[in-house]
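Everything numeric here is computed off the predicted structure, so don't read it as measured data. In each ligand, atom 1 is the first atom listed, and ligand 1 is the first ligand listed.
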Amino acid sequence: MIIIMEPGATLEEQQAVIARLEREGFKVHLSRGVERTIIGAIGDKTRLKSETLAALPGVEKVVPILQPYKLAGRDFHPEDTVVPVGDLTVGGRQVHIIAGPCAVESREQLLETAMAVREAGATMLRGGAYKPRSSPYSFQGLAAKGLEFLAEARELTGLPVVTEIMDPALVTAVAQVADVLQIGSRNMQNFALLQAVGRTQKPVLLKRGLSATIEEWLLAAEYILTEGNSQVILCERGIRTFETYTRNTLDLSAVPAVKHLSHLPVIVDPSHGTGRKFMVAPMARAALAAGADGLMIEVHPNPQEALSDGPQSLTPEQFARLVQEIRPIIAAGERELGHLVS
Ligand code: PEP
Ligand code: MN
């Protein structure tokens with residue numbers, strides 16, 4: 001349930017409500033808004049009647065949370081969440097572009113791409129060191145060596161690193177290098193992995209499962225939030241439909257839907273969403289027009305030679321053009337393209 005405090009409620013009154021809830025075994029989440037404080041309480045409703053809580057000093061009203069995703073939903077947290085990534089913020093006025101290769105293939109490939117995307121306007125670097133591949137015979141990523149190159153690329157460019165984690169046992173190793181832990185589409189319902197990243201204090205980029213409904217996606221976010229990590233960024237990356245022309249069907253209607261239901265920031269990945277490079281820029285523009293908080297774009301210095309996802313990867317020049325094309329759309333939405341502080 002949600003306990004809405006009166007606008008003038010004192011800190012003591014808030015603390016008394018929290019103490020009472022905790023005494024009855026409730027998990028408490030505090031949301032201090034500009035106007036008033038909202039206390040979210042998850043637990044056994046039979047232990048404490050809402051009328052009892054409503055009678056406590058400073059309480060305006062007590063309402064049940066109807067959304068199944070209690071912490072990810074707007075019922076409990078009406079204001080947008082802004083996720084800090086180093087000096088950057090995702091989900092506020094600024095729009096951020098995460099760019100880089102599908103996979104880290106070599107030191108040279110990564111450093112060249114990192115410098116080029118930074119120059120073009122990207123504010124975060126992506127690149128998989130551990131790759132989830134449909135076939136066990138495909139390139140699986142450089143693993144620890146890939147993490148090393150990512151750390152070097154960050155050192156060189158100042159770009160925060162976004163990289164995928166597939167195994168709960170690797171959380172510590174990946175979190176040492178990653179500024180944002182990416183949960184891939186195939187692992188959206190790997191609940192042990194979600195809980196493991198939920199126990200870190202690193203921002204998490206949670207990609208939508210290939211066949212996940214919006215509710216399942218938000219419930220996956222809930223697994224991370226219930227562990228105490230509130231820094232979740234959602235990423236729409238296309239879903240499986242009957243259409244085969246595109247690799248996936250990029251569900252841009254999910255952007256306003258998720259923004260309506262949840263306070264979490266949402267970005268869009270038109271690279272995996274379409275699988276075709278000529279569609280990446282138009283869908284990037286559409287995503288921002290639909291209200292996305294950012295983009296994730298695959299860029300490779302030589303897409304024909306890429307070890308994974310070449311057909312959807314842009315060259316650095318094509319990426320630079322995309323960044324120019326999205327500027328007027330960002331401005332029209334009264335937002336601005338994010339930039340690195342240094
Ligand atoms: C990726 O970002 O490289 C990736 C594997 O994406 P997804 O999990 O969306 O397929
Ligand atoms: Mn990829």
Nearest protein heavy atom to [atom], by residue and atom, and its distance?
{"atom": "atom 8 (O) of ligand 1", "result": "S185 N, 2.7 Å"}
{"atom": "atom 6 (O) of ligand 1", "result": "K207 NZ, 2.9 Å"}
{"atom": "atom 9 (O) of ligand 1", "result": "R237 NE, 2.6 Å"}
{"atom": "atom 4 (C) of ligand 1", "result": "H272 NE2, 3.5 Å"}

Q: Give the atoms of ligand 1, by number and element, whose distance to some non-hydrogen atom of G184 is under 4.0 Å.
A: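 Ligand 1 atoms under the 4.0 Å threshold to G184: 8 (O).
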
Q. Can you name the N/O/S atom of D309 that is nearest the Mn ion (ligand 2)?
A.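 The Mn ion (ligand 2) is closest to the D309 atom OD2, counting only N, O or S.
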
Q. Quick check: does K131 get an N/O under 3.5 Å from an N/O on ligand 1?
A.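 N/O-N/O distance below 3.5 Å exists for this pair.
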
Q. Hey, does Q182 come in under 3.5 Å of ligand 1, counting only N/O atoms on both sides?
A. yes

Charged N-O contact under 4.0 Å between [X] and [Y]:
{"X": "D80", "Y": "R93", "result": "no"}
{"X": "E216", "Y": "R208", "result": "no"}
{"X": "R36", "Y": "E6", "result": "no"}

Q. Among R126, E236, E164, which one has a heavy atom closest to atom 2 (O) of ligand 1?
A. R126

Q.
Quick one about S211 and R240 (side-chain donor to acceptor, distance below 3.5 Å, no hydrogens or angles considered), yes or no?
A.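 Distance-only check fails for R240 and S211.
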
Q.
Assess, by modelled atom type and distance only, whether the side chains of T37 and Q14 contain a donor and an acceptor separated by less than 3.5 Å.
A. yes

(Q) For the residue pair R154 and F149, would you count it as a cation-pi contact if the rule is NZ or CZ under 6.0 angstrom from the ring centre and within 45 degrees of the ring axis? (A) no

